[in-house]
Participant: 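The structure that follows is given in the form of structure tokens.
What's counted below: heavy atoms across the whole structure, side chains too, no hydrogens, waters or symmetry copies. Quick caveat, the model's predicted, so the values are computed rather than measured. The chains referred to below are lettered A, B, ... by the order of the sequence lines, with proteins before strands, and numbering in each begins at 1.
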Amino acid sequence: MDYRAIEAKWQKAWDEARVYEVEPNEKKGMLVTAAFPYVNAPQHMGHLRTYGTADAYARYKRMRGMNVLYPMGFHATGTPIIAFSKRISANDQELIDELKTFYHVSDENISKMKDPVFIANYFSNEVEAGMKLAGYGIDWRRKLISIEPIFSKLIEWQFSKLKERGYIVQGSHPVGWCPNENNAVGQHDTKHDLQPEIDTVTAVKFREKGAGTVFACATYRPETIYGVTNIFVNDKISYVLAKMGGESYYLSKDAASSLGYQFQISIEKEISGAELLGKSVVNPANGEEIPVFPGYFVDGTIGTGVVMSVPSHAPFDYVALERLRPAGYDITTDRYKKLIQIDNPSDPDAATAKIPALFYLQKINADASSPDDKIDEATKLVYKEEAHFGKMLVGKYSGMPEVTARDRIRDDLIASRDAFNVYTISNDEPVFCRCGYRIVVKIVDNQWFINYGDPAWKDAARQGLSSLEVFPAKYKSTFEKVIEWINLRAAEREQGLGTRFPLNPGHIIESLSDSTIYMSYYTFIHIIRGNGVAAEQLKPELFDYVLNGNGSIKTASKATGIDTLVIQKCRDSFEYWYGFSSRHSGPDLLWNHLTMYLFNHVTIFDRKFWPSQVIMNGSVNYEGQKMSKSIGNVIPLVDALARYGADPIRFVSVAGAELDTDTDFSADSCGGVTTRVDMLHKYIIGLADMKSKELGHLDYWLYSKLHSKIAAATQSMDRLEIKAAYTEIFYSSINELKWYMDRGGNNEIVVREFIEAVTLMLSPVMPHVAEEFWQMLGKSGLVVKEEWPASNEQMINRQEDTIESVIMDTIADVNNTMALTSKIDVNKNKKVSEVKIIIADDWKLKAYNALAKSRSIGSAMSNDFGAGKAVVSLYLKQFAKNLNGMQELPNIGSETLQKAFVEASDYLSTRFGCKVVVESEKTTKSQRASRALPDKPAIDLEWK
RNA sequence: GCAGGGAUAGCAAAGCCUGGCCAAAUGCGGCGGAUUUAGGGUCCGUUCCCUUAGGGGUUCGAGAGUUCGAAUCUCUCUCCCUGCACCA
């Protein structure tokens, strides 16, 4: 099969027939959308999953009688493309090499990529071309890109609606920040793509005895303040005296500069850490006076550069004090206060430990001389155990679980102005911007948010969810959780491509917030373009009318200068398509995009236009591994298409695994598909040598398989169980056809009908191959325009199924028996010369079914089966072990079964390589005849 | 830490909701054989253990329970994965 040739051929045929350019008609409309791709790279195999699944589903629904629209757009807003262009401008060799060798981008185009808009256009064209090569049934007239002016008009309208409803609010919040480039940084802005994690720590104020200058100790565990024996500064680094919020602080020099992004700080003078030693400070919790000691482990770049020492519960503090003891910094261990009681059922010793820090150090065989990572391990262990099992022993919240007390004590300290919160980057390792500077936390003031925490809005979202079909269904509960959890979300950004934020035109609308209702645009954007409407004409009145039915056509027309007929067409189109919409994406987008999509829809649109379905699919692995640049196994889609052919790739990535699991793409899995396509191809060619004739058992069997297959596949497809559907449609069909032919089946009309139905069902996933087959089958139209086959229940014949499976089982039994008996000494040097197959008498079936029904040998025996009581009783006894497991068998008479075996005897004879004789239990002379069961003929082998 | 998902034969994966037709689909891989037989491809058989007539034994992360009967239901434990935001 020359995939490239048939792909080109049928893609051209589809284009010419404009089969995917759809308009409203008398059928029910359905809009299938997939999250539009971000165009900072060409697409790779991984993209295929979502777009391929959406395409297959769209094609399936079309065949099921719906008028389906599958449009596509491109996402280019936000910062990654900007970052990309900066790297090109900076002549980043790594990126340039990747583009050249991997994606085959020309030097000329690379040089143009200093311009971010060029990047967006270049890659959106690439992606579009790839999607066309993959054969997606997309209505390209409706293509949009999120940085074009008419897109912005919709987004501006959307934000005006959110503002009207009071969902746009202002506040301050912390962000990861590069002090060099002066902007917020996310994961893709950092070295090694680390996500800067922001955490809050409590800075507790220990005031210097006499002077009142503050040592602010940053801590995750304010509840341990009752056990502070001293505080630590690093005597090897620089500190400053600084004014902050009306008080004077000693802070490490580094901390003072990074905290400057969170607080107003003015530095008064620089001093060395050593100068701070010997001072004494007051513990705000209990008024105790404690000394300032040198702490070798204090990192000036973390927190405030000052830490409090709780040797009883913090292994680092314990170790530091042990090490300081010889230098004369001596605090006797009887002053170490145990603050938290641990009652860990699996470790009773923890409860009696006097100094938990020491206890856990010893538990992992560490002591004061151990390396830092060992002490770190002990620290984590203490934290974990105390959080799990700890109860407070001292202070106001004595008796309370440690974690609860922690929050109360922190709140109390803050209320009494003895502490304040500090944000910190909490990653295990320092996070650096791509420019090389270390990331700090900045508090951004007057930041605009979308308030997804609004209770009324959340309620509406819950209602939206209740009428939403979620596939796979298990994600519905996740969806509920996310609705609960989602809260304020920044709506604007300083940098990036996109739509200007109306309330602060110097900023850009945050790039996930501008992609929550754009799907509605697909329903009419081609009408706007087709009528030469300019972006400036897209006034709110237009969207009010088209999307909400508010106002009137006249006012909309007057405000925009657009013809009333055009506006009406837009409104009609929107109403037609948006009544049933299906959204495809990955489950990772549940936590942001999909939930924001739901929230925005329920507040902006009328209920009948709320989302109908959300479908989430897993990703694509390559040869068992996650695709990633670092492994170097990301395959550009265009390369893969050329190598394996579009349909095999589509099949593997879309139908190779169930929706919620990752598919594994490999040369082997593709090869498996292509060899089977070739087999089907051969069978179609073979039709020419067949003739139609009267139907026999085997023909009815194949029909039965076909119709139960159609029923099963249809049900699976309706549930988006694509793998299950295509295992039936593709793999099983081929096995059945093969079996049918091997068994001597050659009835043309049966095979033809079978293959026709299979071809139809194959077309959503392998549309090119299906078209080719359809043509070979002598059909004139396009298969994409055909209907999905219907299952005729009357053709599902359990009798024929059972007869055939009895034959299959018998073959396995004979093989097995031959193998076993060949080991018998008497059979050495002999061969099986004849296989006798003995069909059970009719009474055995009746007796079996009577027993299966009554589950009691006694009551079954009360019937007269026309055989001697003793014989019947002996026969039924063999089932006694498993009475409850018995299932009634279909009513197949001995004669019918015998006839089927006789018809099969030529085939059986070639399988076994010897003569095959079929006899009935009544007339045979075989000693083994009594072993015959209704669904298991007796076997008698003759060795010669 | 918080929240969610998972553990099935060499690997991947279905089955679990609705217990019995489950030694457990399917696909890869392995092994043996065939094909005028280098390899590859294709085809046939086999792939938990035992078995001198189609049989038996032990399995579905571990343990306990419910039931005539558990991969499937309940409880406990162990281990793994994902997400935790302003970022596409």
Participant: Please enumerate all residues that pass side chain to side chain contact (heavy atoms under 4.5 Å, CB included) together with A:Gln878, with sequence neighbours excluded.
Facilitator: A:Tyr875, A:Leu933
Participant: Taking atom P in both B:C68 and B:C50, compute the distance separating them and give it to the nearest angstrom.
Facilitator: 35 Å
Participant: Could you tell me the Watson-Crick or G-U partner of B:G4, where both distances fall under 3.5 Å? Say none if there is no partner.
Facilitator: B:C81
Participant: Is the distance from OP1 or OP2 of B:G54 to the nearest side-chain N or O of A:Arg931 less than 4.0 Å?
Facilitator: yes
Participant: From the options B:A53, B:G54, B:C86, select the nucleotide whose nearest atom is closest to the side chain of A:Ala490.
Facilitator: B:C86
Participant: Name the atoms and distances for all side-chain donor-acceptor pairs under 3.5 Å in residues 482-490 of chain A, with sequence neighbours left out.
Facilitator:
{"from": "A:Glu484", "atom 1": "OE1", "to": "A:Arg462", "atom 2": "NH2", "distance (Å)": "3.3"}
{"from": "A:Glu484", "atom 1": "OE2", "to": "A:Arg462", "atom 2": "NE", "distance (Å)": "2.9"}
{"from": "A:Glu484", "atom 1": "OE2", "to": "A:Arg462", "atom 2": "NH2", "distance (Å)": "3.0"}
{"from": "A:Arg489", "atom 1": "NH2", "to": "A:Glu510", "atom 2": "OE2", "distance (Å)": "3.4"}

Participant: Suppose you measure atom C1' in B:A24 against the same atom in B:U78; what distance do you get, rounded to whole Å?
Facilitator: 25 Å
Participant: With the threshold set at under 4.0 Å for non-hydrogen atoms, list the residues of residues 654-663 of chain A touching RNA chain B in residue-number order.
Facilitator: A:Thr661
Participant: Under the criterion salt bridge (charged side-chain N to carboxylate O under 4.0 Å, His left out), which of A:Lys844, A:Arg928, A:Arg931 is the partner of A:Glu921?
Facilitator: A:Lys844
Participant: Can a donor-acceptor pair be found between the side chains of A:Asp514 and A:Thr499 at a distance below 3.5 Å?
Facilitator: no
Participant: Look at all strands and tell whether A:Asn592 reaches a base, only sugar-phosphate, or nothing, counting heavy atoms closer than 4.0 Å.
Facilitator: base
Participant: With a 4.0 Å limit, can you tell me whether A:Lys738 has a side-chain N or O closer than that to the phosphate oxygens OP1/OP2 of B:C44?
Facilitator: yes
Participant: Provide the distance between the two P atoms, one in B:U66 and one in B:U82, to the nearest whole Å.
Facilitator: 38 Å
Participant: Counting only non-hydrogen atoms, which of residues 814-821 of chain A are less than 4.0 Å from RNA chain B?
Facilitator: A:Thr817, A:Leu820, A:Thr821
Participant: Side chain of A:Arg911: nearest nucleotide among B:C43, B:A85, B:G45?
Facilitator: B:G45
Participant: Is it the case that A:Thr424 and A:Asp199 place a side-chain donor and acceptor less than 3.5 Å from each other?
Facilitator: no
Participant: What is the distance, to the nearest angstrom, from the CG atom on A:Leu589 to the P atom on B:C86?
Facilitator: 16 Å
Participant: What is the nucleic acid contact for A:Val185, judged by heavy atoms within less than 4.0 Å: base, sugar-phosphate only, or nothing?
Facilitator: sugar-phosphate
Participant: When you compare the side chains of A:Ser733 and A:Lys709, does any donor N or O come within less than 3.5 Å of an acceptor on the partner?
Facilitator: yes
Participant: Quantified in whole Å, what is the C1' atom distance between nucleotide B:G1 and nucleotide B:A70?
Facilitator: 36 Å
Participant: Are OP1 or OP2 of B:G1 and a side-chain N or O of A:Arg406 less than 4.0 angstrom apart?
Facilitator: no
Participant: My understanding is that only residues two or more places apart in sequence, or in another chain, count here; which of them pass side chain to side chain contact (heavy atoms under 4.5 Å, CB included) with A:Ile82?
Facilitator: A:Lys86, A:Pro116, A:Leu497
Participant: Any donor-acceptor pair under 3.5 Å linking the side-chain atoms of A:His593 with those of A:Arg583?
Facilitator: yes
Participant: Rounding to an integer number of angstrom, what distance separates B:G10 and B:G30 when you compare their P atoms?
Facilitator: 16 Å
Participant: The test is salt bridge (Lys or Arg N to Asp or Glu O under 4.0 Å); show your working for A:Lys723 and A:Glu658 and say whether it passes.
Facilitator: CA-CA 5 Å; A:Lys723 159 106 187 246; A:Glu658 286 302 353; over 6 Å; no
Participant: Would you kindly compare A:Asn40 and A:Asn487 by the position of their nearest RNA chain B nucleotide and give the one closer to the 5′ end?
Facilitator: A:Asn487
Participant: Strictly distance-based, threshold 3.5 Å: is any side-chain N or O of A:Tyr51 a donor or acceptor partner for the main-chain N or O of A:Ala35?
Facilitator: yes
Participant: From the list B:A53, B:G54, B:U42, which nucleotide is the closest neighbour of the side chain of A:Asp940?
Facilitator: B:A53
Participant: Taking only the P atom of each, what is the distance from B:A64 to B:G69 in whole angstrom?
Facilitator: 16 Å
Participant: Could you check how far CG of A:Asp678 sits from P of B:C43, rounded to whole Å?
Facilitator: 11 Å
Participant: For A:Tyr622 and B:A12, what is the distance between atoms OH and C1' respectively, to the nearest whole Å?
Facilitator: 17 Å
Participant: What is the distance, rounded to the nearest whole Å, between atom CE of A:Met616 and atom P of B:U82?
Facilitator: 19 Å
Participant: Quantified in whole Å, what is the C1' atom distance between nucleotide B:C77 and nucleotide B:U67?
Facilitator: 24 Å
Participant: Calculate the interatomic distance between A:His173 atom NE2 and B:A85 atom P; express it in whole Å.
Facilitator: 12 Å
Participant: Is the distance between the ring centroids of A:Phe449 and A:His173 under 6.0 Å?
Facilitator: yes
Participant: Got a sec, which residues hit side chain to side chain contact (heavy atoms under 4.5 Å, CB included) with A:Asn815, two or more places apart in sequence or on another chain?
Facilitator: A:Ile811, A:Arg911, A:Phe912
Participant: Can you measure A:Asp588 atom CG to B:G4 atom P for me and round it to whole angstrom units?
Facilitator: 19 Å
Participant: Give the rounded distance in Å between these two atoms: CD1 of A:Ile443 and C1' of B:C86.
Facilitator: 15 Å
Participant: Got a sec, which residues hit side chain to side chain contact (heavy atoms under 4.5 Å, CB included) with A:Ala76, two or more places apart in sequence or on another chain?
Facilitator: A:Val39, A:Ile81, A:Ala120, A:Ile145, A:Ser146, A:Ile147
Participant: Testing the 3.5 Å rule here: is there a donor-acceptor pair between the side chains of A:Ser666 and A:Ser669?
Facilitator: yes
Participant: If you measure from the P atom in B:A3 to the same atom in B:C48, how many Å do you get, rounded?
Facilitator: 42 Å
Participant: Scan every strand shown for a Watson-Crick or G-U wobble partner of B:C68, both distances under 3.5 Å, and answer none if you come up empty.
Facilitator: B:G20
Participant: Under the rule for ring pair (Phe, Tyr, Trp, His ring centres under 6.0 Å), what residues qualify as partners of A:Tyr383, not counting sequence neighbours?
Facilitator: none
Participant: Map A:Glu942 and A:Ala76 onto RNA chain B by nearest heavy atom, then report which one ends up closer to the 5' terminus.
Facilitator: A:Glu942
Participant: Assign A:His593 to base, sugar-phosphate, or nothing according to its heavy-atom contacts below 4.0 angstrom with the strands shown.
Facilitator: nothing
Participant: For A:Leu941, which contact category applies under a 4.0 Å heavy-atom criterion: base, sugar-phosphate, or nothing?
Facilitator: base
Participant: Listing request: all side chain to side chain donor-acceptor pair (under 3.5 Å) pairs with a residue in residues 441-453 of chain A, at least two apart in sequence or in separate chains.
Facilitator: A:Tyr452-A:Asn600
Participant: Which atom pairs, one a donor and one an acceptor, fall under 3.5 Å between side chains of residues 935-944 of chain A and the rest of the protein, sequence neighbours left out?
Facilitator:
{"from": "A:Lys936", "atom 1": "NZ", "to": "A:Asp813", "atom 2": "OD2", "distance (Å)": "2.9"}
{"from": "A:Asp940", "atom 1": "OD2", "to": "A:Ser926", "atom 2": "OG", "distance (Å)": "2.6"}

Participant: When all nucleic acid strands are considered with a 4.0 Å heavy-atom cut-off, which category describes A:Leu488: base, sugar-phosphate, or nothing?
Facilitator: base
Participant: Using a cut-off of 4.0 Å between protein heavy atoms and nucleotide atoms, how would you tag nucleotides 19-28 of chain B 5' to 3' with B, S and -?
Facilitator: -B------SS
Participant: What nucleotide, of B:G54, B:C86, B:G41, holds the atom closest to the side chain of A:Thr675?
Facilitator: B:G41
Participant: Provide, to the nearest angstrom, the distance between the CG atom belonging to A:Asn451 and the P atom belonging to B:A85.
Facilitator: 18 Å
Participant: Please work out which residues in residues 471-485 of chain A have a non-hydrogen atom less than 4.0 Å from an atom of RNA chain B and list them by number.
Facilitator: A:Lys474, A:Thr478, A:Lys481
